[in-house]
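Only one structure is covered here, and it is reproduced in the block below.
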Amino acid sequence: MRELVRRYGVTLSGIILALVGFWLLALVVLPNLSLLNVSFRPYLPVDQLGGPDDHYTLRNYVTFVSGDPAYYFLGIPISIHVNIFLLTILYSSVVTLVSLAISYPLAYYLAKVVRASNAPTLFALLLIPLWVSEILRSFAWFIVLAYQGPLNAMLGMVGIGPIRWISGFNGVIIGLVYTYILFMLFPIYNAITSLDSNQIEAARDLGASVVRTHRRVIMPHAKPGIASGCVMVFMLSAGSIIVPTVLASPGSRWFTQIIQQWFFEGQDWNTGSAYAFLLLVLCTVFVSVMMRVMNVRLVDIAK
Amino acid sequence: MSEDVELAQVSMDFGQFRAVNQVNVTIKAGEFFSFLGPSGCGKTTILRMVSGFIDPTEGVVRIGGSDMRGIGANQRPTALIFQNLALFPLMPVWENIAFGLEVRGVDKAKRRAKADELLRLVDLPGAADKKISQLSGGQKQRVAIARALAVEPKVMLLDEPLSALDLKLRQHMRAELRAIQKRTGVTFIYITHDQGEALAMSDRVGVMSQGVLQQVGTPNEIYNAPRNGFVASFVGENNIFTGTVTGGEGNYARFETAFGTFLTRLGPGVDRNSIVKLYVRPEHSTLQSSAPQGKNSLPVEVSEVAFEGNFINIHCRDDQGKIHQVQVQNDPSNPPPQPGARLYLVFPAEHAVLLSDSAQVQGHA
């Protein structure tokens with residue numbers, strides 16, 4: 001703080017702090033507190049707001065578990081919304097694992113194999129698609145993956161297919177991996193870059209195979225980067241709305257779509273808010289449990 | 001237990017740059033051999049070719065008589081100790097040491113026992129469960145040695161592993177390394193730019209410059225009978241004179257310089273038609289108050305007297321402003337001259353050697 005004042009003077013420092021404070025308070029904290037408040041109140045007609053029925057209640061949260069138990073999870077009957085939530089967690093995990101499987105070799109290649117003079121070109125090729133908006137990229141994939149689209153046309157030329165790509169959660173998985181993969185790639189790339197190449201050679205010199213060198217030396221070193229990439233991709237995927245909407249098939253429903261329905265089709269902000277907080281809290285719990293299982297600490301990720 | 005290492009006409013090119021140029025040497029089994037040279041002379045490249053991280057552009061590396069072409073670093077009977085040691089910071093000490101055994105599928109109890117045994121060998125018992133970050137520089141050094149020894153290499157390769165240590169510890173580790181080498185009988189190939197290190201530890205030394213092996217010999221031969229000017233000036237100090245050969249007989253030559261004609265000895269491979277310089281070691285030079293008859297001498301003025309403890313280094317300036325060094329034993333009954341004294345620098349003909357600059361390989365300047 002003193003450093004800030006010394007560098008920029010009192011006036012400029014004051015403006016910077018005020019802007020950051022305004023952004024955090026007015027655009028992040030207050031709206032969320034407002035939604036949190038709303039989520040614990042019943043959905044009432046306007047003339048009953050502030051009336052005898054307008055009191056705090058858990059009813060909106062109970063709605064999540066109370067629907068018709070038409071589905072089963074580990075033999076336990078569950079409501080359709082719980083089912084959609086579990087599928088969202090499951091397929092977000094799949095997206096995370098697929099992203100990891102693609103990103104790790106790519107990150108290793110960029111960090112340790114590629115010639116330093118070629119790296120900027122490769123990074124540009126990775127980054128340029130990111131400049132296109134998410135919604136456009138989703139529609140692009142919608143076209144690419146269409147049953148009579150270019151991908152099937154090309155596969156058809158070599159005698160494969162046609163494959164119905166957008167069925168079940170396939171389209172959503174492909175779209176989400178494409179959209180968020182760089183959030184996996186860059187933390188892993190950073191982690192591997194910081195590894196002393198001599199350690200890789202030392203492992204080789206002591207007789208280790210490529211696989212063992214990765215498993216015992218490179219991956220443990222890259223673990224914080226892997227963990228932070230996984231958390232990022234998982235949370236972004238579970239919270240994504242555009243990709244699951246555009247690339248959806250009749251069989252794929254994402255939990256964010258349910259929230260969206262409560263807000264905009266049901267006009268029930270109260271239940272919508274409750275669902276949004278359920279998504280936030282349950283995903284955080286899931287990530288925390290996974291981090292505990294994988295023996296990763298939050299401070300490692302923050303590095 | 002150990003194997004010999006043969007480099008046969010080995011060259012290595014990096015693009016246009018020839019890092020190692022037709023090196024020919026056989027390192028005997030059980031020998032402590034040092035490659036000595038300035039940075040960029042190609043010595044590390046040689047080490048990487050022996051360890052298998054790179055393959056020579058030309059020539060063959062043989063270990064124990066077998067051609068190493070196409071055999072990767074993880075398949076060779078060598079173990080490399082890196083300049084920065086490259087210990088694995090996320091593994092405890094004992095797993096570091098046992099890593100090579102883990103790779104070979106040795107079970108955990110045996111790995112642990114071997115690690116403990118090696119820790120005793122390198123005089124670091126009880127450190128097995130420590131983290132690498134808890135060790136001092138010297139202890140890390142020992143762990144690196146133990147890790148390399150664990151795979152029972154036939155040849156141990158060391159890339160300036162002592163350069164990061166302070167002087168005291170470095171001298172201690174020199175003796176330690178030498179002792180470990182004697183105890184294990186493994187062939188050691190040691191890379192260094194520190195002539196003191198190379199001379200003190202090695203059975204034989206190979207001096208390198210610009211990718212060319214200039215001379216191979218015992219430390220004694222390298223210091224007392226350098227084959228050319230590069231070896232003479234890289235290993236030890238010299239007073240160097242330029243001039244031309246004007247005659248002489250047998251092994252001796254008259255060498256005409258700006259300070260008169262000196263009687264000198266012809267160095268190895270040098271005849272009276274060679275382009276040479278005159279090299280005289282500071283410890284073979286003396287300062288006298290008058291020019292003695294029949295000996296080489298030139299007038300100088302003492303410019304600096306550096307007291308080094310057991311000996312004294314005297315810097316003196318000749319008429320042309322060039323500095324020469326004289327080294328004399330410390331003798332309290334015979335104090336050294338004071339700066340400003342005008343004296344004569346005297347050296348005998350048998351220690352005044354004519355040498356050509358450095359060896360070049362035909363066809364590759």
Side-chain angles (χ1 to χ4, degrees), chain A residues 104 107-109 111-119 187-230 291-303, chain B residues 14-15 44 47-54 71-92 95-106 111 114-115 132 140 143-161 164:
Chain A
Y104 179 81
Y108 176 75
Y109 176 78
K112 291 293 175 198
V113 181
V114 77
R115 273 178 41 199
S117 55
N118 293 339
I188 302 178
Y189 168 78
N190 281 337
I192 297 182
T193 309
S194 70
L195 175 67
D196 172 17
S197 296
N198 280 351
Q199 285 191 23
I200 300 171
E201 291 199 335
R204 289 289 285 165
D205 187 62
L206 291 167
S209 62
V210 173
V211 172
R212 189 183 293 268
T213 306
H214 276 279
R215 199 161 51 82
R216 286 289 273 143
V217 177
I218 305 170
M219 276 187 167
H221 180 88
K223 195 166 153 186
I226 293 172
S228 113
C230 286
M291 276 168 61
R292 181 64 58 87
V293 170
M294 300 293 175
N295 200 11
V296 184
R297 289 172 309 155
L298 201 59
V299 284
D300 295 329
I301 293 183
K303 277 192 286 198
Chain B
F14 294 112
T44 298
L47 206 67
R48 293 177 65 78
M49 288 191 290
V50 176
S51 58
F53 288 116
I54 49 177
I71 295 175
N74 57 340
Q75 317 246 301
R76 295 195 183 186
T78 59
L80 175 57
I81 296 183
F82 290 78
Q83 189 163 12
N84 67 355
L85 306 181
L87 296 173
F88 306 127
L90 299 175
M91 299 180 201
E95 278 187 34
N96 261 278
I97 295 172
F99 184 78
L101 302 173
E102 180 190 322
V103 166
R104 286 157 179 77
V106 177
R111 295 205 305 261
K114 182 75 182 175
I132 296 299
K140 284 181 191 166
V143 173
I145 294 165
R147 183 177 73 173
L149 286 172
V151 298
E152 294 178 2
K154 304 273 192 281
V155 180
M156 185 91 122
L157 307 164
L158 303 97
D159 186 4
E160 307 207 28

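Residue numbers begin at 1 in each chain, while the letters A, B, ... track the order of the sequences. Not measured: the values here are computed from a predicted model.
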What residue, out of B:Ala79, B:Gly72, B:Ser51, has the most heavy-atom pairs lying under 4.5 Å from chain A?
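Between B:Ala79, B:Gly72, B:Ser51, the count favours B:Ala79.
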Any idea which of B:Leu157, B:Leu80, B:Val151, B:Ile81 has the most non-hydrogen atom pairs under 4.5 angstrom with chain A?
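Ranked by heavy-atom pairs under 4.5 Å with chain A, first place is B:Leu80.
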Please report the shortest heavy-atom distance between [X] and [Y], naming the atom on each side.
X	Y	answer
A:Ala208	B:Phe99	CB-CE2, 3.8 Å
B:Val103	A:Gly207	CG1-O, 3.0 Å
B:Met91	A:Arg216	CE-O, 3.6 Å

Region of A:Thr213 in contact with chain B, defined by heavy-atom distances below 4.5 Å
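Contact with chain B: none, neither part.
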CZ on A:Arg204 to CZ on B:Arg76, rounded to 0.5 Å:
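So the CZ of B:Arg76 and the CZ of A:Arg204 are separated by 11.5 Å.
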If you measure from CZ on B:Phe53 to CD on A:Glu201, what distance do you get to the nearest 0.5 Å?
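These two atoms lie 4.5 Å from each other.
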So what's closer than 4.5 Å to chain A heavy atoms on [X]: side chain, backbone, both or neither?
X	result
B:Phe88	both
B:Gln83	neither
B:Leu90	side chain
B:Leu87	backbone
B:Arg147	both

What verdict does the side chain to side chain donor-acceptor pair (under 3.5 Å) test give for A:Asp205 and B:Asn74, after you've listed the backbone C-alpha separation in whole Å, the side-chain angles of each residue and the deciding distance to 0.1 Å?
CA-CA 5 Å; A:Asp205 187 62; B:Asn74 57 340; over 6 Å; no
Does atom OH of A:Tyr109 have more than 12 heavy-atom neighbours, drawn from other residues, nucleotides or ligands, at distances under 6.0 Å?
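Incorrect, the count does not exceed 12.
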